[in-house]
Every structure is written in structure tokens, then in C-alpha cells.
Amino acid sequence: MARKPLKPVAMTETLANTLTKPSPKDWILGISPYVPGKAAADDGRPLIKLSANENPLGTGDAARAALVAATADLATYPDPSATKLREAIGAVHGLDPARIIYGTGSDELLHIAASAYAGPGDEVLYVRYGFAVYDIAARRVGATPVIAPDKDYATDVDALLAAVTEKTKVVFLANPNNPTGTMTSREEIARLHAGLRPDILFVLDQAYAEYLDEGEDDGGLELARTAGNIFVTRTFSKIHGLAAERIGWGYASAEVIEILHRIRAPFNVTTAGQAAAIAAINDSAWIESSRAHNARWREWLSNEIGALSNHGLRVVPSKTNFLLILFDGKLTAEAAMKGLWEAGYATRWLPGQDLPNGLRITIGTEAQVRVVADTLRAMAESA
Ligand SMILES: Cc1ncc(COP(=O)(O)O)c(C=O)c1O
């Protein structure tokens, strides 16, 4: 039987639009894309990059050699279980490899943590001046980002606990924190964890933990041994000098790890990345020399900037491989960033992170930090 012709229906413009093109979710439209650290000035001139907290000494020889050797076979997929990598991490940190997950950078792990445990109607909590990815990870799954006030740029545990509601499902905290460089003590981390309901996943992002001195560890991995609601993440992008390979790892209860494996990308760490990371985590000489270099020149640069306090410059105390410098005098953070471009350096001005007076500068080589200090001093004195 012939079908009756359909009656034409008048369409509103909006309806026509919705039917003629894919319509993104409202919560995706609320995301401002992540802004990576610059490697060039606005005119395209290449700059020395002190804008993304990479290791200025580069990659250790052992990691580089392992990476090159692993490129012999490019036709085969990587080990999907990253077994040797998990075993290497487990041996170094005294952790059960079965409870270790790996990611395409720790970024992937932050995203899958939010995806697994939060969604529309839920809240994801983090500190003001938190790592920029937390906002994206929360919004990507339709959850509501909630920001707790800081205490002079540092994490305020009481403010975080006060911001928890019955809708809170995930709490993100970087320790030490980016972009402030501040550190929350072991006691405070334990107090924060004790104050969170057991159904809230506490994601403790330790991307900069390897820069801490002995005895400064925040106890996160220790807590995660027995707590069912802590997920500790680490990265090979910082002290290990492997940012180009995109490798992160995380440790949590067997239950949490099993859930996260369901949604990580298959084959999410490359063969060369796994090989390089195994060599890097066992290269204690490289780690130690990178840490010592960083501690020495972080202190030196902090003192140099500290001496410019009469020009309105202030360094937020840092436990990381970067400094957050606040500009509250005649020289603005934006002008300082542009002056450093002229000197050949990219740094990170942070208006998008609610810090229009803040410039984040990675601790570079000795020669680099000396130029940075000289340039900032000359600009501050002539402003
Ligand atoms: C606090 C923090 N967490 C996570 C990351 C992500 O690192 P990656 O994805 O390279 O492991 C960064 C990178 O800058 C960071 O600063």
C-alpha cells in the first residue's frame, strides 16, 4: 500500500539547525580548551620554553637509549597491560603492580577518574588556583565544578571540607600544586582524607612529588594502601624528562583500578614510552641530579626575586620545579612576560587561571635562570 505523503511541518530556525548538524552537549560548550605553555612569541619567534615545567636538563641517557632500542618494532601494538612498567614502578615504590594503572600522561588518568565517578548532577571539587585540567575533566562529564577558596595561594583544607556537599563525588588536589607551587603537609592531607565521605574519590595528583626533599612526602601512596577512596597519580613528564612520550601512572584500591581500566584507552602507552619509563624510574642518578639542580636554582631564583620586593614582586614559596611570581608594583606580569620574550624566553602568564598578576616560570638551566633574573631585575628597576 502506498504511503500517504507526510504533511509539511513548519520548522523554527533553531529546530532546523538542531536537525541539520550535530549538537554538542551543553556541558561541552561550557569548556574553555586547555592552553598549553607557549614555545613561541606572538610573532612566531621560537623561544626557550620555561612555560610547561619540563626538565631543563632533558632526558637521562638510559631512558633515551631504551626508547631508541624499543623503536625497532613499530608494527606491533604495545603491551596492553604495561606489565613490565607496572612491575618497575611497584618495585621502586613498594606497591602492588596489580593496583597500578598507566595513562597517556597523567592527564588521561585525571579524566577517567572524573568520568568513572562523576556525571550530570554531581559536583567535582578542587582549590582555587588548581590545575587547569580539573575544570575540563569535571565539565567533560557534565558534572559541576566547585572551587574552594585558597589561603594565601595555598590549599585550605578547612575551605575544601566546607565546600563538600552531598553531591560531591570527586575531589582533585595537586600536591605540590600547580600553578602555585605550594605544598600541603602530610598531616593536612590525612585530615582532608579523614574529613571526606568514603564514597568521594580523592584524587591526589603528585605530578611534582619527585622534586620534594626527603621527609617531605605527603603520605598519599601510604594512605592509598588501605583507603578505598584515594587515587594517587604521578607522571613521567616532569623530573623523568619524558613529557614527549605522554606517560603517567596511578595507584588506588583494586576496585578503583578495575573500574578505571574499563574506560582507559586500549594500548594507551606506547612501546617506546613503556621502555623509556622503565629505564627512567630506575635511573636514580638522573633523578637525583635533576632534583639537586632544581633545588639549588629554585632557591637562587627565589632569593633574586625576593630582593625585588620593593618593586612589588613576590615569590609564592615553591616545592616544585617552577615559581609563581606575583607582580603588584609598576611592572605587571604581562609586561614581564613580554620582556622575557624579548630576552628569548617563554613563561606562563596566568590571567585565564584567575591570576592576572601571576607569572609562572619553570626553573631552567643555570644560564637560563640567570638571564631570567637579570631581565626581571632590569625591568622592575626601570618600570
Ligand atoms: C599538577 C599537574 N598534574 C598533571 C599534569 C599532567 O601531566 P602529564 O599529563 O604530562 O602526565 C601536570 C602537567 O603540567 C600538572 O602540572
Side-chain angles (χ1 to χ4, degrees), residues 33-39 49-56 59 63 82 85 89 100-115 124 126-138 140 147 150 153-155 170-184 189 202-212 218 220 231-251 260 264-265 268-270 273-274 276-277 280-281 294 298 316 318-324 346-348 350 352-353 355 358 360-363:
Y34 182 79
V35 183
K38 278 177 182 277
K49 211 172 156 208
L50 298 180
S51 56
N53 307 334
E54 294 133 331
N55 187 335
T59 311
L85 174 58
I89 296 167
I100 293 171
I101 191 169
Y102 35 91
T104 309
S106 51
D107 274 346
E108 183 191 15
L109 301 173
L110 303 173
H111 280 290
I112 63 175
S115 307
V124 171
Y126 47 88
V127 293
R128 185 181 182 197
Y129 314 129
F131 180 43
V133 163
Y134 305 155
D135 180 82
I136 300 174
R140 192 172 89 143
I147 293 175
D150 63 304
Y153 300 94
T155 293
V170 175
V171 173
F172 281 115
L173 182 67
N175 201 33
N177 188 35
N178 172 17
T180 60
T182 52
M183 175 79 189
T184 305
I189 292 294
F202 177 20
V203 182
L204 186 56
D205 173 349
Q206 296 186 338
Y208 299 95
E210 290 83 2
Y211 286 104
L212 296 172
D218 68 14
F231 180 41
V232 178
T233 60
R234 294 262 183 130
T235 182
F236 283 91
S237 302
K238 306 299 176 186
I239 212 164
H240 296 298
L242 287 171
E245 285 303 304
R246 312 300 302 118
I247 316 146
W249 63 273
Y251 174 73
L260 297 178
R264 71 168 169 78
N268 58 344
V269 180
T270 64
Q274 293 185 29
I281 204 166
N294 185 68
R298 180 180 64 201
V316 177
S318 171
K319 290 290 180 188
T320 58
N321 66 340
F322 58 85
L323 295 182
L324 174 64
T347 58
R348 181 81 170 236
L350 298 157
Q353 282 181 259
L355 284 165
R360 199 193 64 193
I361 304 183
T362 306
I363 304 302

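The basis for the numbers below is simple: all heavy atoms, side chains too, and nothing from hydrogens, waters or symmetry mates. Just so you know, ligand 1 is whichever comes first in the structure, and atom 1 is the first atom listed for that ligand. Numbers here simply count residues along the sequence, with the first being 1.
Side chain of Ser106 to main chain of Thr235: no donor-acceptor pair is present (N/O by atom type, distance under 3.5 Å, no hydrogens or angles). At distances below 3.5 Å, at least one donor-acceptor pair connects side-chain atoms of Glu108 with backbone N or O atoms of Ala265. Remark: the backbone N or O of Ser237 is not paired with any side-chain donor or acceptor of Glu54 at under 3.5 angstrom.
Short contacts between ligand 1 and Lys238, defined as distances under 4.0 Å to a heavy atom of the residue, involve ligand atoms 13 (C), 14 (O). When each atom of ligand 1 is checked for a heavy atom of Ala174 under 4.0 Å away, the hits are 1 (C). Short contacts between ligand 1 and Arg246, defined as distances under 4.0 Å to a heavy atom of the residue, involve ligand atoms 8 (P), 9 (O), 10 (O). Those atoms of ligand 1 that come under 4.0 Å of a heavy atom in Thr235, given as number and element, are 8 (P), 10 (O), 11 (O). Counting the atoms of ligand 1 from 1 in the order shown, those under 4.0 Å from a heavy atom of Asp107 are 6 (C), 9 (O). Less than 4.0 angstrom separates some heavy atom of Tyr208 from each of these atoms of ligand 1: 1 (C), 14 (O), 15 (C), 16 (O).
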### Query
Between Ile281 and Phe236, does a side-chain contact (heavy atoms from CB on, under 4.5 Å) hold up when you go through it step by step?
CA-CA 8 Å; Ile281 204 166; Phe236 283 91; 3.9 Å; yes
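Distances from ligand 1 to the non-hydrogen atoms of Asp205 include at least one value under 4.0 Å.
Residues Asn294 and Thr320 share a closest heavy-atom pair of ND2-O, 3.0 Å. Here the closest heavy-atom approach between residue Val170 and residue Ala113 is recorded as CG2-O, 4.3 Å. When all heavy atoms are compared, the tightest approach of Leu323 to Arg298 is CD2-CG, 3.8 Å.
For atom 12 (C) of ligand 1, the closest non-hydrogen atom on the protein side is Phe131 CZ, 3.3 Å. Among all non-hydrogen protein atoms, the one lying nearest atom 7 (O) of ligand 1 is Ser106 OG, 3.4 Å.
For Ser237, a nitrogen or oxygen atom sits less than 3.5 Å from a nitrogen or oxygen atom of ligand 1, counting backbone and side chain alike.
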